[in-house]
Amino acid sequence: MMQIKAPRGTYDILPNDSAKWQYIEKIMKDTAEIYGYREIRTPIFEHTELFERSVGESTDIVTKEMYTFVDKARRSLTLRPEGTASCVRAFIEHGVYSGLMPVKWYYNGPMFRYDRPQTGRYRQFHQFGVEVFGSSSPYADAEVIMLLAEIMTRLKLTDYELHINSVGCSLCRNAYQQKLIDYITPLRAALCRDCQLRYSKNPLRVLDCKTKSCQEAIEGFPTIYDSLCAECREHYSAVRDVLEHSNVSYIHDDNLVRGLDYYTNTAFEVHLPGIGAQSAVGGGGRYSGLVAECGGPDIPGVGFALGMERLLLAVETLTDVDLNRFQSGVDVFIAVMDDKYEPQAVRILHQLRQADIKAEKDYVGRSARAQMKYADKLGARVVVLLGEEEVLKGFFTLRNMQNGEQVQVKSQDLVHNINRILLVD
RNA sequence: GUGGAUGUAGCUCAGCUGGUCAGAGCACCAGAUUGUGGCUCUGGGGGCCGUGGGUUCGAGUCCCAUCAUCCACCCCA
């Protein structure tokens, strides 16, 4: 019989690893809450149409990466490939816009994209993201970026590169796009295969192409920045001003276009060179028309998403943070020297746990010696010895596993004495 | 979707040109220490060598297919 393994591009997070996840998740969640964001949890699948409309028909995500299936009632559903669409849907569906604005949300959870796996890229991966609805102020853009920068700092990943650009509003973007089409059309034959397609589907993406021939073809073409309307230009420079005043360093990147169709004005990406080919750990931007596009009122938004797997990889390889120290161990082990005192051991175990002490005992009939070894491997700092002598004379023997000292304590002083040893460091 | 590398015990890996090649280290269990850990020593369990075909008297070892992992492209998180 063929062994069943986790599906391609998916993996298990075993307890030793989940402790590491909890560490970075806590940093992100705590930071977002300090910035005034509250958690939203949305379904992991949505109507396929939601992503087609929001992410964009021409994007890689929609054209080839979605996990789409038909359910028993013949609905077309899709495992979410990103988080913003669901937030927008929920924002509209619950009329959240009729309450206090702006609305600031964060989320964390699995996303799904049918892609070829490699380091830092999985079919089920995890994103932590935030969205701000209801403010078109450049300060909102800046806040979101500052939150992102703060998270990176708290993760001790300070060597990140923040690339930002403005893709303009629908007006100046469309005008620019038309100019680009006019410019490229005669050079079309020189473009790479992929760009031939981009040419017709999303010409702006040609700017982002890494192929030499395409880079040369677009060389000298005015940047989108130069084509921004006065309003968009002002918005962008305001965002940059805030970042500069806040000492958030960034790189203005004329070629940054982003793969999702809904972005307007500010777009940004965070890279960590040093974690492999998939160095983008996060990205985001402003999306002015998205809520309206999805059937809601004309309310703007800004947000970002961070890739948890890539950040974890980065913390492990790029920082000196020892993620293994977050493993939760055992404080106290109860070693039973004679089977007949098992019931009493269970009572003590319960008593210690009632006192919030992480306590454990053996359940597989180990010898006294084996129990000590076991206690040591579990990382127990104190062992309570329970044998004939203790029972007859009415005390417990406490062994401090750090220094080997043993003391005899009365039953009623047990918790107190254990805590005294545990509190030492 | 394209190209390349790899797939032997829970983990990291040896196994040269096909014929004791089913191994090592770590981990796990037990004993030395029958009421006591960390060191040491001794012993033990565990693998149909990713899967399915083929070549051969004989295949971890060669060929094909398939699945999976890794690397790069693409793209992104």
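Remember, it's a predicted structure, so these values are computed and weren't measured experimentally. By convention in this document, chain letters (A, B, ...) are assigned in the order of the sequence lines, proteins followed by strands, and residues within each chain are numbered from 1.
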Is A:I184 close to A:F221 at the side-chain level, that is, under 4.5 Å between some pair of heavy atoms?
-> no
N or O in side chain of A:Q118 less than 4.0 angstrom from B:rA72 OP1/OP2 | yes
OP1, OP2 of B:rU69 versus side-chain N and O of A:R8: anything below 4.0 Å?
-> yes
Backbone N/O of A:L14 and side chain of A:D12: donor-acceptor pair under 3.5 Å | no
Contact class for A:E309 (heavy atom, under 4.0 Å): base, sugar-phosphate, or nothing?
-> nothing
Classify the side chain of A:Q371 and the base of B:rU36 as holding, or not holding, a donor-acceptor pair under 3.5 Å.
-> no
Give A:G83 one of three labels, base, sugar-phosphate or nothing, depending on what nucleic acid heavy atoms sit under 4.0 Å from its own.
-> nothing
With a 4.0 Å cut-off on heavy atoms, is A:G387 in touch with a base, just the backbone sugar-phosphate, or nothing at all?
-> base
At under 4.0 Å between heavy atoms, what does A:A335 touch on the DNA or RNA strands: base, sugar-phosphate, or nothing?
-> nothing
Rounded to whole Å, the CG-C1' distance (A:D115 to B:rU2) equals 13 Å
Provide, to the nearest angstrom, the distance between the CG atom belonging to A:N403 and the C1' atom belonging to B:rG37.
-> 13 Å
Any A:K64 side-chain N or O less than 4.0 Å from OP1/OP2 of B:rC76 = no
Kindly say if A:R369 contacts the phosphate of B:rA30, meaning a side-chain N or O under 4.0 Å from OP1 or OP2.
-> no
If the P atom of B:rU51 is compared with that of B:rG10, how far apart are they to the nearest Å?
-> 13 Å
Please answer whether B:rA77 and A:F125 are stacked, defined here as ring centres separated by less than 5.5 Å and planes angled under 30°.
-> yes
Would you classify B:rG7 as syn or anti? Syn applies when the glycosidic angle is within 90° of 0.
-> anti
Assign the ring pair A:F304 / A:F268 to parallel, tilted or perpendicular, where the plane angle (0 to 90°) is split at 30° and 60°.
-> perpendicular
Interatomic distance at C1', B:rU55 relative to B:rU61, whole Å = 14 Å
Rounding to the closest angstrom, what is the interatomic distance between B:rG58 and B:rG45 at atom P?
-> 32 Å
Decide yes or no, distance alone: a donor-acceptor N/O pair under 3.5 angstrom between the base of B:rC70 and the side-chain of A:R116.
-> no
